[in-house]
Amino acid sequence: MDTQKLLGELAGQLLSGGIEVVDLTAVLGPETPLIKLPPDLAVDTPKIEIHKISEYDKNGPWWAWNWLKLGEHSGTHFDAPVHWISGKDYADGATDTIPAQKFVGPVNVIDCSKEAAADPDFLLTVDHIKAWEQKHGAINPGEWVVMRTDWDRRGGSEAEFLNANETGPHTPGPTAEAIMYLIEKDVRGWGSQTIGTDAGKAGGMEPPFPAHTLMHKANKYGLASLCNLDKLPPRGAVLIVAPLKIEHGTGSPIRALALVAKG
Ligand code: 23J
Ligand code: MN
């Protein structure tokens, strides 16, 4: 294969629109939903703030710029292995040490939108993944796996997105067994369209928060609050998800993009 020629063709298809760049990112601002943890367990990530420095005015006559107050795990974001205690010792597990090659790769999209619409507590099982593989082909080492739930359509309010009541948050996610199955397949990471990579009720699972505990223990990555997964094919798209190179960062907001063949 002539790799140089292939890259040239890719660039040409990007120019012509034969390959489309699909934006998988939510708007980052004061209204962006943020995770709410049980107050007895944890301190929450702060509200996002965008502060004006100048806007072509006395504070900067010819320019506009802002400064931000922003948690690493805000909006559409990347979870690095050091985010979780099980992955804390990986030298290449922080936003400034993960090899850049890991930020671009193939993605498998498992459509759970009907199941999640019928049951907000829907859990993706090993059987469901195996049925997907029967239909679309085996999931391979180094590939991303993301769970489509169309949760980004719940864009009206944070309350609708978090879907919590007196019994806690009710959002779909994976079973611990499903995560273990994907780790055995040596996937690159796991992504969701909800506030975090785990289900709303994942705190009560064994282990608690299996997508975090097990994926990061295996030096694998997470993606949360992905949008527009309904615009991707089940397989064949290329995901671009690069966190900011925050020093010792545990995660970062990302501009998540997918390259998709049109037509
Ligand atoms: C901190 C504590 C628990 C969770 C999370 C963060 C996330 O989901 C996250 O954004 O990584 S579950
Ligand atoms: Mn996170």
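The shown structure was predicted, so the numbers you read here are calculated from the model rather than taken from an experiment. Here, residue 1 is the first one in the sequence, and each next residue gets the next number. Whatever order the structure lists them in is the order used to number ligands and atoms, beginning at 1.
Of all N/O/S atoms in Asp79, OD1 sits nearest the Mn ion (ligand 2). When distances from the Mn ion (ligand 2) to the N, O or S atoms of His73 are compared, ND1 comes out shortest. Of all N, O or S atoms in His77, the one lying closest to the Mn ion (ligand 2) is NE2.
Of all atoms in ligand 1, numbered sequentially from 1 with element shown, those under 4.0 Å from a heavy atom of Gly196 are 8 (O). Atoms of ligand 1 lying under 4.0 Å from any heavy atom of Asp79, numbered from 1 in the order shown and given with element: 11 (O). Taking a cut-off of under 4.0 Å to the non-hydrogen atoms of His73, the atoms of ligand 1 that pass are 9 (C), 10 (O), 11 (O).
His77 NE2, 3.1 Å is the protein heavy atom nearest to atom 10 (O) of ligand 1. Remark: minimum distance from atom 4 (C) of ligand 1 to any protein heavy atom is reached at Ile35 CD1, 3.7 Å. For atom 2 (C) of ligand 1, the nearest non-hydrogen atom of the protein is Leu37 CD1, 3.7 Å.
When the options Glu72, His83, His212 are ranked by their closest heavy atom to atom 8 (O) of ligand 1, first place goes to His212.
No side-chain donor from either of Asp127 and Thr125 sits under 3.5 Å from a side-chain acceptor of the other. Side chains of His212 and Asp198: a donor on one and an acceptor on the other come within 3.5 Å. Between the side chains of Asn219 and Asp92, at least one donor N or O lies within less than 3.5 Å of an accepting N or O. If you check the side chains of Glu72 and Thr250, you find a donor sitting under 3.5 Å from an acceptor. Residues His73 and Asp79 have side chains that bring a donor and an acceptor to within less than 3.5 angstrom of each other.
In the hydrophobic clustering of ILVMFWY residues, with side-chain heavy atoms under 4.5 Å counting as a link, Val22 and Val238 come out apart.
In Glu160, the CD atom is crowded: over 12 heavy atoms of neighbouring residues, nucleotides or ligands sit closer than 6.0 Å.
Ring centers of Trp84 and Phe209: under 6.0 Å apart, within the cut-off.
When only interatomic distances are considered, the shortest N/O to N/O separation between Trp84 and ligand 1 does not fall below 3.5 Å.
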